[in-house]
Undergrad: 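Before I ask anything, here is the structure I am working with.
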Amino acid sequence: MGRRGNMHGAERVAGLVVCYAVLVNAADNSCEAVDEIVIATGSWREGAEAMRAAGYRHVPRRPARREVPGEAIDAALMSPGLVLRTRFGSGEPWKPRVPGRGTG
């Protein structure tokens, strides 16, 4: 994925915008608490607001690129409007983000 600044993006699929970002999970006290986040919504702005509401901070105002990993797109389109997460690089399945709780 390259530099950290390019670890977020949005892609229009099936009439929705799939928003993807790699963000620090502040609810987990581990220094390795980095999550991949995805949501299918109407716009990047709506997706970013949902990520913030789910407890993530430092969500970019605009996507840096237009590519989103295929598995993230598949997960988001199965549950539009729901913020999903997985631990970065873990290969774990995507699951709903519960605000204010750790991810472990």
Side-chain angles (χ1 to χ4, degrees):
M1 268 208 238
R3 299 184 335 247
R4 180 163 173 79
N6 290 333
M7 298 185 79
H8 54 280
E11 193 169 328
R12 185 166 290 282
V13 181
L16 294 170
V17 176
V18 177
C19 306
Y20 170 84
V22 176
L23 302 169
V24 172
N25 178 353
D28 192 332
N29 292 327
S30 169
C31 63
E32 297 176 7
V34 178
D35 290 347
E36 291 179 75
I37 310 302
V38 69
I39 182 171
T41 188
S43 68
W44 173 265
R45 184 177 185 167
E46 288 176 24
E49 288 173 1
M51 290 179 201
R52 287 184 196 99
Y56 290 95
R57 293 184 281 173
H58 307 294
V59 178
R61 292 180 190 256
R62 285 182 283 252
R65 59 195 181 113
R66 294 183 184 195
E67 301 88 28
V68 174
E71 69 276 0
I73 291 172
D74 294 343
L77 292 178
M78 292 190 66
S79 302
L82 184 63
V83 175
L84 301 172
R85 62 150 300 272
T86 187
R87 183 63 54 101
F88 180 70
S90 70
E92 294 176 0
W94 291 90
K95 55 188 171 186
R97 166 71 173 150
V98 179
R101 294 186 52 197
T103 60

Undergrad: Would you kindly confirm whether Leu77 and Val17 end up in one hydrophobic cluster when ILVMFWY residues are joined by side chain heavy atoms under 4.5 Å apart?
TA: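 No, it is not one cluster - the side chains of Leu77 and Val17 are not joined through contacts under 4.5 Å.
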Undergrad: Measure across Val38 and Ala72 and return the closest heavy-atom pair with its distance rounded to 0.1 Å.
TA: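 Taking Val38 first and Ala72 second, the nearest heavy atoms are CG2-O, 3.6 Å.
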Undergrad: If two hydrophobic side chains count as joined below 4.5 Å and joins carry through other members, does Met78 share a cluster with Trp94?
TA: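 Unlinked, Met78 and Trp94 end up in two clusters.
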Undergrad: Quick one: closest heavy-atom pair of Tyr20 and Glu36, and the distance?
TA: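 Shortest heavy-atom separation between Tyr20 and Glu36 comes out as OH-OE1, 2.7 Å.
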Undergrad: Kindly give the heavy-atom pair with the smallest separation between Ala10 and Pro63, and that separation in Å.
TA: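 Heavy atoms only, the tightest pair is N-CB, 3.7 Å.
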Undergrad: When rounded to the nearest 0.5 angstrom, what distance separates NZ in Lys95 from OG1 in Thr86?
TA: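 Output value for this atom pair is 7.0 Å.
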Undergrad: Tell me which one of Val22, Leu23, Val24 satisfies side chain to side chain contact (heavy atoms under 4.5 Å, CB included) with Phe88.
TA: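 Of the listed residues Val22, Leu23, Val24, the side chain to side chain contact (heavy atoms under 4.5 Å, CB included) partner of Phe88 is Val22.
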Undergrad: Using modelled atom types and a 3.5 Å cut-off, is there a donor and acceptor pairing between side-chain atoms of Arg87 and backbone atoms of Glu92?
TA: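 Checking the backbone N and O of Glu92 against the side chain of Arg87, no donor-acceptor pair under 3.5 Å is found.
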Undergrad: Under the criterion side chain to side chain contact (heavy atoms under 4.5 Å, CB included), which of Val83, Leu82, Ile39 is the partner of Arg97?
TA: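 Passing option: Val83.
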Undergrad: What heavy-atom pair brings Pro60 and Ala48 nearest, and what distance separates the two atoms?
TA: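 Closest approach of Pro60 to Ala48: O-CB, 4.1 Å.
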Undergrad: Taking all atoms of both residues into account, what is the closest heavy-atom pair of Val68 and Ile73, and its distance?
TA: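 Distance-wise, the nearest heavy atoms are O-CD1, 3.6 Å.
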Undergrad: Can you tell me how far OG of Ser79 sits from CG of Asp74, rounded to the nearest 0.5 angstrom?
TA: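 Answer for the CG-OG pair, Asp74 versus Ser79, is 11.5 Å.
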Undergrad: Rounded to the nearest 0.5 Å, what separation is found between the CE atom of Met51 and the NE2 atom of His8?
TA: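 That separation rounds to 9.5 Å.
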Undergrad: Is Trp44 reachable from Ile37 through a run of hydrophobic residues whose side-chain heavy atoms are each under 4.5 Å from the next?
TA: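 No, separate clusters.
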Undergrad: Restricting to non-hydrogen atoms, name the atom on Asp35 and the atom on Arg85 that form the minimum distance, rounded to 0.1 Å.
TA: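 The pair with the smallest heavy-atom distance is OD2-NE, 3.2 Å.
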